[in-house]
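Structure first, then comments.
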Amino acid sequence: MHDSIGRPQAARVYAWLVTLSALTVILQGFLFSGVYSKGAANYLDVHLFVGRISVVVVVVALNGLAHRAQYPRRMKMLGLTVALSAMWVAQNFLGELIGDTRWVAMLHIPLGMLILALAVVLTGRAHRALAGRFD
């Protein structure tokens, strides 16, 4: 079993993109909180737009980079990235369903917190790997 990254450039891009993904989830929380203010429609439109764009970035770019970077297998970066992508797709699907159905928000919000947690875990792992620590 090797203790190195096969393609450090891809790993570096992955690390920054997964960091951006975590920050995007935080941004989405702020945008959603703006829905309850006077400019509700504007915040919701931006929230939906960011969600639609980010699902493409996560599913296509992060999965491709996780595969291309060739992290050590024991880090489980590819598997965790696939899990993040699946949750992100489900989140996007739930976001499209919410409309007037409040119970869907009861799934959408906790799933967002799980996505944030996994994105933060992947961020930490990716940056530690770049530093040569593969724990």
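Val121 and Met113 are members of different hydrophobic clusters when ILVMFWY side chains are connected at heavy-atom separations under 4.5 Å. Both Val89 and Val25 are part of a single hydrophobic cluster, where members link through side-chain heavy atoms under 4.5 Å apart. Using a 4.5 Å cut-off between side-chain heavy atoms of Ile, Leu, Val, Met, Phe, Trp and Tyr, with links allowed through other members, Ile26 and Leu122 fall into the same hydrophobic cluster. Linking Ile, Leu, Val, Met, Phe, Trp and Tyr residues whenever their side-chain heavy atoms come within less than 4.5 Å places Val55 and Val57 in a single cluster. Grouping the Ile, Leu, Val, Met, Phe, Trp and Tyr side chains by contacts below 4.5 angstrom, directly or via other members, places Leu80 with Ile115.
To the nearest 0.5 angstrom, Trp88 atom CH2 is 8.0 Å from Leu62 atom CG. Expressed to the nearest 0.5 Å, how far CG of Leu65 lies from CG of Leu17 amounts to 6.5 Å. With rounding to the nearest 0.5 angstrom, the NE2 atom of His47 is 4.5 Å from the CD atom of Gln28. The line from CZ of Phe93 to CG of Leu107 is 11.5 Å long, rounded to the nearest 0.5 Å. Between atom OG of residue Ser21 and atom CG of residue Leu84 there is a gap of 6.5 Å, rounded to the nearest 0.5 Å. The distance from the NE2 atom of His127 to the OG1 atom of Thr19 is 3.0 Å, given to the nearest 0.5 Å.
Asn63 places a side-chain N or O within 3.5 Å of a backbone atom of Val59 that can act as its donor or acceptor partner. Not a single donor-acceptor pair under 3.5 Å links the side chain of Gln91 to the backbone N or O of Leu111.
The shortest non-hydrogen separation linking Ala22 to Val120 is CB-CG2, 4.3 Å. Closest heavy-atom contact between Ala129 and Ile5: O-CD1, 3.5 Å. The minimum heavy-atom distance between Pro8 and Leu130, with the atom names listed, is O-CD2, 4.1 Å.
Between Leu118 and Met87, some side-chain heavy-atom pair lies under the 4.5 Å cut-off. Inter-residue side-chain proximity for Arg68 and Tyr14 is flagged as unmet; no heavy-atom pair is nearer than 4.5 Å. Side-chain contact between Val18 and Arg125 is absent, with no heavy atoms from C-beta onward closer than 4.5 Å. Residues Arg128 and Met75 have side chains not in contact (no heavy-atom distance under 4.5 Å, counting atoms from C-beta outward). Considering only heavy atoms from C-beta on, Leu78 stays 4.5 Å or farther from Tyr71 through its side chain.
Among residues two or more places apart in sequence or in another chain, the side-chain hydrogen bond (donor to acceptor under 3.5 Å, both in side chains) test is passed with His67 by none.
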